[in-house]
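Next up is a structure, given as structure tokens.
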Protein chains: 2
Amino acid sequence: MTGRAGTKGVPREERERQILDEAAAEFGTHGYAHASVAEIANRAGISKPLVYSYFESKDGLFLACLHRAGPPLVQAVAAAQHPVPGRQRAADTLAAIFTTLEPRPHDWSIVYDPTVPAGSPIEQQARKYRRALNRLGAVGVSEVLADVGGYDAKDESLLTQVWFGVVTAMVRWWQQHPAQTASDMIARSQRVIAAL
Amino acid sequence: MTGRAGTKGVPREERERQILDEAAAEFGTHGYAHASVAEIANRAGISKPLVYSYFESKDGLFLACLHRAGPPLVQAVAAAQHPVPGRQRAADTLAAIFTTLEPRPHDWSIVYDPTVPAGSPIEQQARKYRRALNRLGAVGVSEVLADVGGYDAKDESLLTQVWFGVVTAMVRWWQQHPAQTASDMIARSQRVIAAL
DNA sequence: CCTCGAATTGACTCTCGGGTAAGTTACCTC
DNA sequence: GAGGTAACTTACCCGAGAGTCAATTCGAGG
């Protein structure tokens, strides 16, 4: 933005962090396909080639965001699975997700970005994280369904997708109400779950 | 695809219907921003300029899809609102939605397409339909919340968003399992709702 | 059978965004 | 203070996709 070339004294590590933060926000709001690298550079106050010099490509940049977002989520959700009844387990899982997402709520949208090109390496990586989360979610789901009985495998798949639809909806709502803290969200989600 | 110009004897009205069908599928799967008019033309077995001669622009094409998708949904959902307890009302509403969506499940994704450019006329039109559906959904939501009490306006907004997240998740699941009929979906959704 | 309009196309332009080449500034070291 | 290197930029290339133009074929009236 200065118009002049030459270093500004910001070390690579710190710059990379700034870029990743802005990229996560941009990818999270517009999705991979709509996000523009130039816009990400703008937000970070630098120029496009610097982004390309640190991360090789748009894919590389997204992948870096993914690798920062995915593992903490998987780990937190796995740690939240205790043998308690369905509603409580759902609430615990949501609490773990909100806590993990506190620094960057957009990270969820990155893992569940529907606009990444099918078959691309980034889609495969995202799918790995999603599959891990899916497996964890399916446990709670089948437990809930088993209580009532009379269901088939497709019902299970449907309810799992509904569950992630619920999480996604809550996270998106959070993104639209950034003033809310993670604790606020946990409290709200508990009230909402109780109402069902 | 013939390679030759000249009429193929298909009257405008029928061609428009074909184009709209393919456009709905394409917009529904890839979203407005990713959908390519050339690809829509391909699927319909015609060339791009014909699409532009019937619908003026990509916006015009999307708008036509919107106007075919929105009103039936709003009307069906409105008609499904009876003064019954929360769970039952949700099931009724879902049944109305699935029935309306039977010919083209992608129509839901068109009304809720997150990739339409903000501020554009098509976004404003889509927002109108969404707002209508939202108002109807909010009635059921506030009723559900009132039963337990101790909630605020933000909780209401959150639960409304969650409700539409649930519907969207179910419709998306349907799109991935096209062999299911509307009746199948209604039965599944009822089982799932009962399990909560 | 001749013309007129509707249906239809190949081939073009223009813009936008990913990606690159080559150069510029500042600091650090000897 | 003369390199060398890390942090930066401007200016460009190129492919994809929206949108346009001029021509071509066919069927229906006179």
Side-chain angles (χ1 to χ4, degrees), chain A residues 1-20 22-23 26-27 29-65 113 115-118 120-123, chain B residues 1-20 22-23 26-27 29-65 113 115-118 120-123:
Chain A
M1 282 294 142
T2 335
R4 282 173 56 200
T7 184
K8 295 172 190 165
V10 180
R12 173 167 186 157
E13 201 178 341
E14 184 182 343
R15 218 24 132 198
E16 285 186 345
R17 216 210 60 237
Q18 291 178 1
I19 296 173
L20 280 183
E22 301 301 335
E26 192 72 4
F27 284 136
T29 51
H30 302 326
Y32 171 84
H34 292 64
S36 130
V37 176
E39 177 58 25
I40 294 172
N42 261 354
R43 295 174 57 141
I46 57 176
S47 70
K48 192 169 53 158
L50 187 55
V51 176
Y52 278 92
S53 115
Y54 286 168
F55 307 88
E56 303 204 347
S57 57
K58 191 183 185 183
D59 286 37
L61 181 54
F62 189 90
L63 211 56
C65 291
D113 186 351
T115 78
V116 314
S120 66
I122 56 178
E123 198 248 355
Chain B
M1 280 293 142
T2 333
R4 284 172 58 200
T7 183
K8 296 174 188 163
V10 180
R12 173 167 187 157
E13 201 178 341
E14 185 182 343
R15 212 37 125 190
E16 285 186 344
R17 217 210 62 235
Q18 291 177 3
I19 296 173
L20 280 183
E22 300 303 333
E26 193 71 5
F27 284 136
T29 52
H30 302 326
Y32 171 84
H34 291 62
S36 128
V37 176
E39 178 57 24
I40 293 172
N42 261 352
R43 295 174 59 142
I46 57 174
S47 70
K48 193 169 54 158
L50 187 55
V51 176
Y52 277 92
S53 116
Y54 286 168
F55 307 89
E56 303 204 347
S57 58
K58 191 182 185 183
D59 286 37
L61 182 54
F62 189 90
L63 211 56
C65 290
D113 186 351
T115 77
V116 314
S120 66
I122 57 178
E123 198 248 355

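Computed from a prediction, not measured in an experiment: that's the story for all the values here. Every chain is numbered from 1 and lettered A, B, ... according to where its sequence line falls, protein lines coming before strand lines.
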Practice task
Please report, rounded to the nearest Å, how far the P atom of C/dG19 is from the CD atom of A/E39.
Solution key: 17 Å
Practice task
For the pair A/F27 and A/Y32, name the ring-plane relationship: parallel under 30°, tilted 30 to 60°, perpendicular over 60°.
Solution key: parallel
Practice task
Check the distance between C/dG18's C1' and A/E26's CD and give it to me in whole angstrom.
Solution key: 15 Å
Exercise for the section: Starting from P on C/dG17, measure out to NE2 on A/H30 and report it in whole angstrom. Expected result: 11 Å
Problem - Separation of D/dA23 C1' from B/R4 CZ (nearest whole Å) - result: 14 Å
Handout entry: Heavy-atom check, side chain of B/L63 versus side chain of B/F55, under 4.5 Å
Key = no
Problem - Check: A/E16 and A/R12 side chains under 4.5 Å, non-hydrogen atoms - result: yes
Practice task
For residues B/S47 and B/A41, report the shortest heavy-atom separation together with the two atoms involved.
Solution key: C-CB, 3.7 Å
Fill in the blank from the handout: Tightest non-hydrogen contact, residues A/P117 and A/I122, listed as CD-CD1, 4.2 Å
Exercise for the section: Name all residues meeting the ring-ring contact (aromatic ring centres under 6.0 Å, His included) criterion together with B/H30; count only those two or more places apart in sequence or in a different chain, and write none if there are none. Expected result: none
Completion exercise
Whole-Å distance, A/K58 NZ to C/dC16 C1', equals 12 Å
Exercise for the section: Pick base, sugar-phosphate or nothing for A/S53, based on heavy-atom distances below 4.0 Å to the nucleic acid. Expected result: nothing
Practice task
Look at all strands and tell whether B/A41 reaches a base, only sugar-phosphate, or nothing, counting heavy atoms closer than 4.0 Å.
Solution key: nothing
Exercise for the section: Remember a base hit wins even if backbone is also touched, and classify A/A33 as base, sugar-phosphate or nothing at under 4.0 Å, heavy atoms. Expected result: nothing
Practice task
Any chance you could list the contact pattern along nucleotides 1-7 of chain C? Use B for base contacts, S for sugar-phosphate-only contacts and - for none, protein heavy atoms under 4.0 Å, 5' to 3'.
Solution key: ------B
Practice task
In whole angstrom, give the distance that lies between atom CG of B/L61 and atom P of D/dG17.
Solution key: 16 Å
Problem - Separation of C/dA22 P from A/Y52 OH (nearest whole Å) - result: 19 Å
Problem - Rounded distance (Å) that lies between atom P of C/dG10 and atom CD1 of B/I46 - result: 12 Å
Exercise for the section: State which of C/dA21, D/dA18, C/dG18 makes the closest approach to the side chain of B/S36. Expected result: D/dA18
Problem - pair B/E39-B/H34: side-chain heavy atoms closer than 4.5 Å - result: no
Handout entry: Closest listed nucleotide, where the reference is the side chain of B/K48 and the choices are D/dT9, C/dG10, D/dA18
Key = D/dA18
